[in-house]
Structure formats: C-alpha cells, structure tokens
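Because the structure is a prediction, the values reported are computed rather than measured.
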Amino acid sequence: ATRLLPHFFECIPYTHYENDQSAIKTNIQGDHLQWFYHLNLFEKAVKGYIPWFSEGYQFTTPYQLKFTNLYFPPQGQMEYLFSFLGSIGAYNALLLLSTLISLLGGYAYFRTLQINFIGALIAALLFTFFPYRMAALYGGHPAGMFIPYIPLFFIFLEKTLVSKSFFASF
C-alpha cells in the first residue's frame, strides 16, 4: 500500500521500478498489462466501442477462434463502477476492494466455523495477506483478485448443502 497510494492514478503495481524511485515507467510488459486490458473490456462494451461479449482488440484476425468474453465477472463489472477514477485509478480501487472483500469474507467464513472473534480476525488477516495472494495481486495476475471469493463460495456452499436449497444460501 505504501507504494500503491502515492501513485494511485499514475501506475498500476509493479510499473514503478524499485531501482528508480523518482520515475514512473509506463508500458512495462507483464501480466498486469494483460489483466488491465481485460478489466477495461466491459467498459468499452458499455460505451459501444466494441461489440458485447467480444475480445475487442487483441487477436482480431480473420482466422481467430470465436469465443465469448464475459469480462471476468464480477471484476470487470466492478472495475466499471470505479471508472470515474480513470482506468488506472479504477484498477487500483479494485485492487484495494479485493483486499477488503478478502478480509470480510475470510472473517465471515471463520466465524461460521464457530471460531471466536479474535481467532477469526487473525485467520482472516492471515488469509488476506497470504503471500501467494499478495504476489498474484500486486504482480497483476487475476488470481489475486479472485482468491477473496473463496471463503464466500464455501459459506454459500455449506448453506446450500445444509438447507438442500440453492436459494436458501442467499
């Protein structure tokens, strides 16, 4: 967060080189640019720049395989909600939101396991800042933003299995 917040509207994580703290570097290759591109596709479709459920720009050759792009729900749709911050600000807001979802979802899950408040809070903090998640999150890999949904999945799965009704889990 100490490296993200000063450059919240200028760069996405790991586009700020460690060896040159004074300069913001742009167009640095890596997973973060691919993920940044995919998150912006939903906004492009809403604004009419590309057809719905299409790739849009990448691999647009006459010989490309046709597939449906759902824009990584719910991440692409949530990124659109933050689009008033600009593309880079929206990406970084989504990154911070995923940390909050991870903490709250982890806490809720551990409480469903009958763990006391302090134990559930510690477990949620460990889950939220789990090294694999943080490396994926700040390295620009989609897994970093999707891992927070794992505890929510297990909460809803358990409620569904116990109640024997999918709709009872909501």
Minimum-distance pair of heavy atoms, taken over all atoms of Ala136 and Gly144
CB-N, 3.6 Å

Path from Leu161 to Phe154 over hydrophobic side-chain contacts below 4.5 Å:
yes

Where is the tightest heavy-atom contact between Pro73 and Gln77, given as atom of each residue plus distance?
CA-OE1, 3.2 Å

When you compare the side chains of Tyr80 and Gln75, does any donor N or O come within less than 3.5 Å of an acceptor on the partner?
no

According to a 4.5 Å side-chain heavy-atom criterion applied to Ile, Leu, Val, Met, Phe, Trp and Tyr, with indirect links allowed, do Leu39 and Phe84 form part of one hydrophobic cluster?
yes

Just wondering, are more than 12 heavy atoms of other shown residues or ligands nearer than 6.0 Å to CZ in Phe9?
yes

If two hydrophobic side chains count as joined below 4.5 Å and joins carry through other members, does Val162 share a cluster with Phe110?
no

Just wondering, more than 12 heavy atoms not from Phe146 lying within 6.0 Å of its CZ?
yes

Say you draw a straight line from OG of Ser163 to CD of Glu158; how long is it, rounded to the nearest 0.5 Å?
10.5 Å

Between the main-chain N or O of Ala120 and the side-chain N or O of Arg111, is there a donor-acceptor pair closer than 3.5 Å?
no

Are Pro142 and His38 side-chain neighbours, meaning at least one heavy-atom pair lies under 4.5 Å?
no

Verdict with supporting geometry, Phe130 and Ile147, side-chain contact (heavy atoms from CB on, under 4.5 Å):
CA-CA 10 Å; Phe130 180 61; Ile147 289 173; 5.8 Å; no

Is there a path of hydrophobic side-chain contacts, each under 4.5 Å between heavy atoms, that joins Leu81 and Leu94?
no

Smallest heavy-atom separation, Ala143 atom then Tyr132 atom, equals CB-OH, 4.1 Å

Taking all non-hydrogen atoms of both residues into account, name the closest pair between Phe8 and Leu96 and its distance.
CE1-CD1, 3.7 Å

Test side-chain contact (heavy atoms from CB on, under 4.5 Å) on Tyr107 and Phe127 and set out the steps.
CA-CA 9 Å; Tyr107 175 78; Phe127 174 75; over 6 Å; no

Minimum side-chain heavy-atom gap Pro74-Tyr149 below 4.5 Å
yes

For the atom pair CE (Met78) and OG (Ser98), what is the distance rounded to the nearest 0.5 Å?
8.0 Å

Quick check against the 3.5 Å criterion: does Thr128 have a side-chain atom that pairs as donor or acceptor with the backbone of Leu103?
yes

Using side-chain heavy atoms (C-beta onward) and a distance below 4.5 Å, is Phe129 in contact with Thr99?
yes

Applying side-chain contact (heavy atoms from CB on, under 4.5 Å), run through Ile88 and Phe36 and close with a yes or a no.
CA-CA 8 Å; Ile88 293 171; Phe36 181 73; 4.1 Å; yes

Contact between Ile101 and Leu152 at the side-chain level, heavy atoms closer than 4.5 Å - yes or no?
yes

Minimum heavy-atom distance between Ser87 and Glu79, given as atom pair plus value:
O-OE2, 4.2 Å

Is the ring pair Phe42/Trp52 parallel, tilted or perpendicular, if the boundaries are 30 and 60 degrees?
perpendicular

What distance separates Met145 CE from Ser102 OG, expressed to the nearest 0.5 Å?
12.5 Å

Begin from the C-alpha positions of Glu43 and Phe82 and carry the test side-chain contact (heavy atoms from CB on, under 4.5 Å) through to its verdict.
CA-CA 10 Å; Glu43 179 182 356; Phe82 291 112; over 6 Å; no

For Gly119 and Ile115 the tightest heavy-atom approach is C-CG2, 3.5 Å

